[in-house]
Each structure stands twice: as structure tokens, then as C-alpha cells.
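In what follows, a single structure is set out as C-alpha cells and then discussed.
Worth saying up front: this structure is predicted, and the values here are computed from it rather than measured. Only heavy atoms go into these numbers, but all of them, side chains included; no hydrogens, no water, no symmetry mates.
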Amino acid sequence: MQYKGNSIVKEGKAVQLDDGVYWVGALDPDLRSFDIILNTANGTSYNSYLIEGSEGYALIDTVKAEFADDFFARLESVTDYSKIKAIVLNHLEPDHTGALPELLKRAPQARVYISQRAQSMLKALLKDSSENLEFQVVNTGEQISLGDCTLTFLSTPFLHWPDTQCTYLEEREILFSGDVFGCHFCDGRLFNDKVGDFRFSFDYYYAHIMRPFKKWVLEALDLIDPLDLRIIAPTHGPILRDRPRRYVNHYRELASNSLSGELGTNEKSMIVFYMSSYGNTARMAEAISVGAGSISGVRVSMFDLQGGETEPFVDLIEEADALILGSPTINGDAVKPIWDLLSSLIVVDLKGKVGAAFGSFGWSGEAVRMIEDRLRGLKLRVPQQGLRVKLIPNDEELEDCYNFGKDIASILIGKKKECKVLEFGEL
Amino acid sequence: MAKAKVSFDDIDLTVNVPVGTRVIEVSEKVGSGIIYGCRECDCGTCIMEVVEGWNNLSEPSVLEDKVLRENLAGRHQRLACQAQIIGDVTVKPV
Ligand SMILES: Cc1cc2nc3c(=O)[nH]c(=O)nc-3n(C[C@H](O)[C@H](O)[C@H](O)COP(=O)(O)O)c2cc1C
Ligand code: FES
Ligand SMILES: [Fe+2]
Ligand SMILES: [Fe+2]
């Protein structure tokens, strides 16, 4: 195991992190890929915490199923199962609930505390074994007492699943934050002032796991900001006991728009991306951009996907208000760079942005409809039916393109079209 | 066939639909900002605000009620993938 020499994690032993608070998690140094979407160059940890109160113990989260033995051994080094009064599930993902079914068997008297949105998920997770399971739903501000200490719950949904919440131990000023403030970084020295340099891992985790939920991150930070914080104890990676507030502030920076303020405050940003083999779709893109730019209050940027890297484009799209994609139809499909761009967008929140598609085609023209469907699937709204031109656009068709851009730009600035009534059959 | 009007407040557009049509069948086609996830009464992604005509939507099922509750829906909110239009109604994204 890595860092064996200076690791404070010993087999079968809990690590005390504060008065009456223990780490009973597991290290997974050999993991190289997490949830398919993340690389984990030095593995990860599954942090689970045990809190001792004068009237019993509370356990916060468990570990991945393969590590259940490590977890139970650490737990048993502090207490026996009959003294566990509460099991708090801050997040139901299997990396934190893997040991739960067995734990429920060993500590049947313990009450399970979950968030409002976790209810149906918990049932789906435990399937048949959940039939008689009693759990208690908790919301922001609700508390449970362990005698001489109190746990307060904070409802922080969508970080990064609907069920997520944080739990605060008031008397010790410790926030058990779930995946928030976590990272995949395996180091037996456990604490942020002792482990190796994990800055990259921290930002990488945010970028891939939390970034799509920016809006929810900011709401959670509003709940966390007023808390006195001595320690932040996340479910993965280092325990943040040295200046924990820095990480809260850093999350706020990460969740704030990097480019905001570049455009005028009342300006809307529209981005047009296209690919073109013979220049037909490119000509359409040009006319659409000019048309959109004729509406004041809309700033249009146009890019040929052939000349760019996907990642910076993703940053641009995150900040944009409208995303217009142009592709020719090649073998009955839109071209690969368009799909590559679209499949890279899972890391950003697209809800409510305006989307549209256009393109030149030869005989069947499937690309535009396919892109539109994908845009809807990504939760953009597609208010204007896509524009297709057969082969080379003539002046009249370029005029259509100009008006298409203009219409989308008008929608973007909220200029109301005259109130229309349509027939269902015509849609 | 009996008809009813569904209006989408966010895009100022009204559609005449056969009674019994679900909101989901119309809203995406016209580009309203109401969004969908599972499309089958499970995830709560499609929660929408009913601006007018609350009683002109089909009664929520037990399952819809449960999803609305779990997702902390407000007083005038319904699932757009479930609610059927039975009279004139105005809706918008939350
Ligand atoms: C990072 C991440 C994001 C997820 N996002 C979604 C989602 O948006 N919607 C959903 O229905 N499930 C989501 N899930 C849940 C997975 O689909 C679920 O855990 C599934 O059982 C995994 O299947 P597998 O074991 O075949 O990988 C997500 C899971 C992870 C790890
Ligand atoms: S889309 Fe999931 S409940 Fe309607
Ligand atoms: Fe997670
Ligand atoms: Fe996790």
C-alpha cells in the first residue's frame, strides 16, 4: 500500500479525528477508474465516520461493498453494533451504501436518516431486503440528539445525485459533507495538512462530478457559509481540518461564472458551431450569424468545429444563452465532431438554454432533426424548427437563414412574437 | 372530438389539442422550456407550474402525488409527463 511508512491508517483500527469522532472508512489505492467517467491516478478512499454521543453512536455513510470487512473491523474497534443508534445516509451511491445491507442486519435497532428525495431511491437500492426497513426523512434544520451532541441536517440535493444531504455536528463544528468537497485521492495520512498535493484531484473531481450542478452547489454553499467550521469530513479523499473555509470559498469560485462580466450585463450570447465539407453549411452559418447579430442585445460568435478543441468550447457553451449547431448530412447522420461536442456537454448545465440546428443536405437530410432531438434530450428548448437547405443555398435561401438567425435572437431577448394559436395536428 | 386549449406562458403560444392529450406530447414540439427526464412518472424532472386552469388537468394519480411530494413540488405544480389536458389550461416551466 502507498505511503505505508507514514500512513496513520492501520488494519482493523479506527482513526480518531476529534473528540468522540472516528474515521471508520476504507482505502482503495489500486482503483484507476471511478464511475467510468473519472480517472483515479492514485486510487480513492471511502470515508465513513462514527460519532460517539452520551446516548449512543451515529454512523455517517458506509463504504463500497468490497471494503465492507475493513469497515466493520474498524467499527468494531470502537464500539459494538448494539450501541449504534443512528445511521445517516448523506448519499446513496453504492460507493457509500455497499456495506449498508449487512450493517442493517448487524445493527437492526439503528434508525436510518435520509433526505426527502432519497426515499424511492433507497427502496430501489435495497430492493427485497427493504420491505420492513423503517427510515426517517429529514430536512434542513432538523436535528437528532445523541445525548451530549447533536446532528443537524442540511438538505443539499443534486450534489451530485438527487438524494444528497450534509450533516453537521454542532458541538465539534464538523461538517460531514458527502461527496461535496471530496476528491479521489488515496493517502493514508488522511488529513489535508499531511497528505500529498491533492489540489489537482480536488479540482478534477469538482469539474467532473459537481460542475453540472453549479446552481445547486451555490444553494448548498449558502447553507454551509454561516456554519462554524473546524473540520470538513467528505466521503472521499483528505479530511479538511486545516483551514476548511478555504475549500468552501474555492467551491464558490469554481461555481461562479468564469467569464461573466465579459459581455454586457443585458447582452445575450449566442454561439454558432458548424462543420462543412463544400462550404454550404458554412454559408448558412454565416447568414444565420449575421441575421442574429442584427438584433441588438445579442452577441453572436461563430466557430468552425474543424478548427477547435472540444474542451474550451464546452466552457463557452456553459456561459452561452443559445447554442446553434450546423451539420451537413453525411451517410444519413450528422458528422462526428457535432456528436463529440454534444457528448462532452454532460459536465455543464444546459437547462433552459435555447438550441437550434441547421444544415445543407443532398437528398435525405436527416442530420438536422437528429441534432434537434439530441438538443431536447439535453434539456435545451428548441423553439424554432431547424433549417435545411438542399445542396447550395441561393440568395433566397440565404435570406431564410438570415431570418432564422434573427428569429432565434428575438426569442432569446424575450421579444414576444404575436401570440400564436396552433393546431395540434399541424405540429 | 372535444378540444381544449393549452397555453405555454414562457413562449406565449397556445395549441388546440384533443381532450386527453398529455402536456408532454405538446410542449417539446412547440419549444416550451418544460424539461423531461424519465418520461414515466418517476424522476420529477418535468415538474411544471400551472398558471391557470388547475382543474382542467386530469387528477394526479397516487404515484404522481408521491413523486410530487418527494420532489417538494409547490402548490400549483404538476408533472408534465402525466397531466392530461381536459379543458383550457396555461402552464410554464418552474
Ligand atoms: C456520476 C454519475 C451520474 C449519474 N447520473 C444519473 C442520471 O443523470 N440519471 C440517472 O437515472 N442515473 C444516474 N446515475 C445512476 C446510474 O445510472 C446507476 O447507478 C446505475 O445503476 C449504474 O449502472 P451500472 O452498474 O451498469 O454502471 C448516475 C451515476 C453516476 C455514478
Ligand atoms: S419526466 Fe420523470 S416524472 Fe415526468
Ligand atoms: Fe457519489
Ligand atoms: Fe462517492
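- With a 4.5 Å cut-off on side-chain heavy atoms, R381(A) and I11(B) count as touching.
- Closest heavy-atom contact between E423(A) and V15(B): C-CG1, 4.1 Å.
- Using a 4.5 Å heavy-atom cutoff, the side chains of E372(A) and E28(B) are not in contact.
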Could you walk me through whether E25(B) and F424(A) satisfy the side-chain contact (heavy atoms from CB on, under 4.5 Å) test, starting with their C-alpha distance in whole Å, then the side-chain angles of each, then the deciding distance to 0.1 Å, before giving a yes or no?
CA-CA 9 Å; E25(B) 297 173 68; F424(A) 186 58; 4.3 Å; yes
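- Only the backbone of S32(B) comes within less than 4.5 Å of a heavy atom in chain A; its side chain stays farther off.
- Atom-to-atom distance recorded for K29(B):NZ and R376(A):CZ is 9.5 Å, nearest 0.5 angstrom.
- By the 6.0 Å contact criterion, CD on Q143(A) is enclosed, its count of non-hydrogen atoms from other residues, nucleotides or ligands being greater than 12.
- Atoms CG and CG, on N16(B) and L422(A) in that order, are 9.0 Å from each other to the nearest 0.5 Å.
- Atom CG of D12(B) and atom CD1 of I411(A) lie 11.0 Å apart (nearest 0.5 Å).
- You'll find the side chain of L72(B) reaches within 4.5 Å of the side chain of R117(A), heavy atoms only.
- Contacts of T21(B) with chain A are made by side-chain atoms alone, with heavy-atom separations under 4.5 Å and no backbone atom involved.
- Both the backbone and the side chain of K379(A) come within less than 4.5 Å of a heavy atom of chain B.
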